[in-house]
Every structure is written in C-alpha cells, then in structure tokens.
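Heads up: numbering here begins at 1 and tracks the sequence.
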Amino acid sequence: PVLGRLHTQAVPKSRRAPVCNCRIISRVSYHPRVRSAISPRYEFIYKFNNTPDYSSDNLDNAKGRLIVPVNSIEIIKDFGRTINPLTGMISLNNGIDVSVAEHTEVLCVADGIVESIEIIPSLKNVIIIKHGSGFTTVYAVLGRILVKKGETVRTGMVIGYSGSTADNQSFHFEIWKNSSPLDPKSW
C-alpha cells in the first residue's frame with residue numbers, strides 16, 4: 001500500500017536548494033499517523049539542471065545558473081573560514097567539498113581549456129580549467145581523469161570521476177576570478 005501522496009509542483013526560485021542550480025520537482029507527504037517521530041513531514045526530490053542556459057564565453061553573465069559539476073547538493077565543508085570545534089584551529093577553504101559516491105561523473109561547468117592536471121596531496125588528482133574573462137575552475141579529489149592538458153572542453157562534458165580521501169568520499173570544487181576565490185554556491 002502507498003503510505004503517501006506524490007505532489008508534482010513548480011517551485012518558486014526562492015525555494016530552490018541553496019547549493020546548486022536545481023529545483024524541487026515533487027514532495028511526498030506522509031499520513032500523520034503513519035509517520036514516525038524522527039521522519040520528516042516532507043521529503044523533497046531534487047532535479048539537477050545540467051542543461052546550460054548561458055553563454056560559456058562570459059561567466060559573469062552566468063552567475064546563479066552554472067550547471068552542477070556533480071550530482072549532489074550535500075556540502076560537507078563550506079567556502080571560507082571554518083573553525084574546528086575540537087581543536088579551535090581556523091582553516092580556509094577556497095571552494096566547497098561535496099559528499100558524493102566514489103566514481104561519480106564530474107562535469108565541466110563551462111567551455112574552456114585544461115590549463116593543468118596536478119596531484120596535490122590534500123586534494124588528490126586536480127584539474128584546472130581556464131575559461132574566458134579571467135575565470136578558472138578547479139575540480140579536485142578525482143579518482144580518474146578523462147582529459148589532457150591543453151584539451152578544449154565543453155560545458156557539460158564528463159572530465160573525470162570522483163575519488164575519495166582517507167576519511168570520506170567527496171568532491172572539491174572552486175571558482176576563481178583572476179586571483180580571487182569565489183563562493184561556488186552563489187554561482
């Protein structure tokens with residue numbers, strides 16, 4: 001027996017998930033007597049927007065509309081300064097770390113040229129892509145890389161697969177404008 005009802009609805013932009021260009025496409029509401037005390041009243045299902053609606057030659061005009069590089073919206077380490085509650089140490093994150101399953105496809109967010117492929121101990125395999133207008137994107141914690149230095153990449157192209165670190169499975173993503181890191185959540 002079905003315990004809930006599925007509601008398909010268009011959701012205003014203000015109710016979109018905060019991390020990525022995605023929208024809630026349906027909501028499951030549970031019967032109040034069947035729902036347990038710890039389960040949520042509503043469970044949301046997200047649809048990721050991986051069809052670009054922007055010109056890749058100028059990322060300034062694409063703010064808030066970039067495609068999602070991985071199929072996840074669960075941030076495990078946010079942009080900027082964070083304080084470790086156990087040690088009190090302050091660390092700086094120039095991007096966001098997202099929880100993803102190992103071997104998840106990683107997509108290029110805009111047209112560009114692969115500037116370099118590096119191995120950095122804390123970030124594992126890293127791809128750096130140069131875009132126009134001074135923009136650079138960084139894709140890290142990759143298990144497998146499918147592109148080569150100097151290769152031209154297109155928006156939505158699979159450039160690699162996510163890997164894992166010693167303590168979790170994650171993906172690291174950064175956006176830079178010239179020499180300044182930008183918060184990827186606002187893009």
Checklist line | Side-chain donor/acceptor of S116 to backbone N/O of E118, under 3.5 Å | finding: no
Next item on the list: Would you indicate whether L92, at its atom CG, is surrounded by more than 12 heavy atoms from other residues, nucleotides or ligands within a distance under 6.0 Å?
Entry: yes
Item checked: Donor-acceptor pair, side chain of T155 and main chain of D111, under 3.5 angstrom -> yes
Sequence neighbours left out, cut at 3.5 Å: what donor-acceptor pairs do the side chains of residues 98-105 make with other protein atoms?
from: T104; atom 1: OG1; to: A101; atom 2: O; distance (Å): 2.5

Notebook entry, point to check: How many angstroms lie between CD1 in I76 and NE2 in H172, if you round to the nearest 0.5 Å?
Noted result: 11.0 Å
Margin query: Please find the pair of heavy atoms, one from C108 and one from I129, that lie closest to each other, and give the distance.
Written below: SG-CD1, 3.8 Å
Next item on the list: Answer with yes or no whether the hydrophobic clustering places I113 together with V147; edges join I, L, V, M, F, W, Y residues whose side-chain heavy atoms lie under 4.5 Å apart.
Entry: no
Next item on the list: Could you state whether I75 and V109 fall into the same hydrophobic cluster, counting links through intermediate Ile, Leu, Val, Met, Phe, Trp or Tyr residues with side-chain heavy atoms under 4.5 angstrom apart?
Entry: yes
Check: Hey, does V158 have a side-chain heavy atom less than 4.5 Å from the side chain of L146?
Finding: yes
Check: Side chains of E174 and T137: does their closest heavy-atom pair fall under 4.5 Å?
Finding: no
Next item on the list: Kindly give the heavy-atom pair with the smallest separation between K63 and W187, and that separation in Å.
Entry: CA-CE3, 3.5 Å
Margin query: Using 30° and 60° as the class boundaries, would you call the ring planes of F173 and Y139 parallel, tilted or perpendicular?
Written below: tilted
Notebook entry, point to check: Is there a chain of hydrophobic side chains (I, L, V, M, F, W, Y, each step under 4.5 Å between heavy atoms) that links I145 to V153?
Noted result: yes
Checklist line | Under 3.5 Å: donor-acceptor pair, side chain of K124, backbone of S162 | finding: no
Check: Which pair of heavy atoms, one from G156 and one from L107, lies closest together, and at what distance?
Finding: O-CD2, 3.4 Å
Margin query: Applying a strict under-4.5 Å side-chain criterion to I, L, V, M, F, W and Y, I'd like to know whether L59 and I67 cluster together.
Written below: yes
Margin query: Tell me the closest heavy-atom pair linking K149 and E115, and the distance in Å.
Written below: CE-O, 3.3 Å
Checklist line | Any donor-acceptor N/O pair, S133 side chain to F135 backbone, under 3.5 Å | finding: no
Checklist line | Point-to-point distance, once rounded to the nearest 0.5 Å, from NZ of K185 to CG of D183 | finding: 3.5 Å
Next item on the list: To the nearest 0.5 Å, tell me how far S180 OG sits from N94 CG.
Entry: 10.0 Å
Margin query: Show the nearest heavy-atom pair for residues K148 and V114, with the distance to one decimal.
Written below: O-CB, 3.4 Å
Checklist line | Short side-chain to backbone donor-acceptor contact, N125 and L142, under 3.5 Å | finding: yes
Note to self: Working to the nearest 0.5 angstrom, can you tell me the gap between L182 CG and T136 OG1?
What the structure shows: 10.0 Å
Check: If Ile, Leu, Val, Met, Phe, Trp and Tyr residues are connected whenever their side-chain heavy atoms lie under 4.5 Å apart, and connections chain through other members, are W176 and L66 in the same group?
Finding: no
Item checked: Side-chain heavy-atom pair F171, I96 within 4.5 angstrom cut-off -> no
Check: Rounded to the nearest 0.5 Å, what separation is found between the CD1 atom of I159 and the CD1 atom of I127?
Finding: 4.0 Å
Check: Do N93 side-chain atoms and D78 backbone N/O form a donor-acceptor pair below 3.5 Å?
Finding: yes
Check: For I175 and P184, which heavy atoms make the closest approach, and how far apart are they?
Finding: CD1-CA, 4.1 Å
Checklist line | K177 NZ: over 12 foreign heavy atoms closer than 6.0 Å | finding: yes
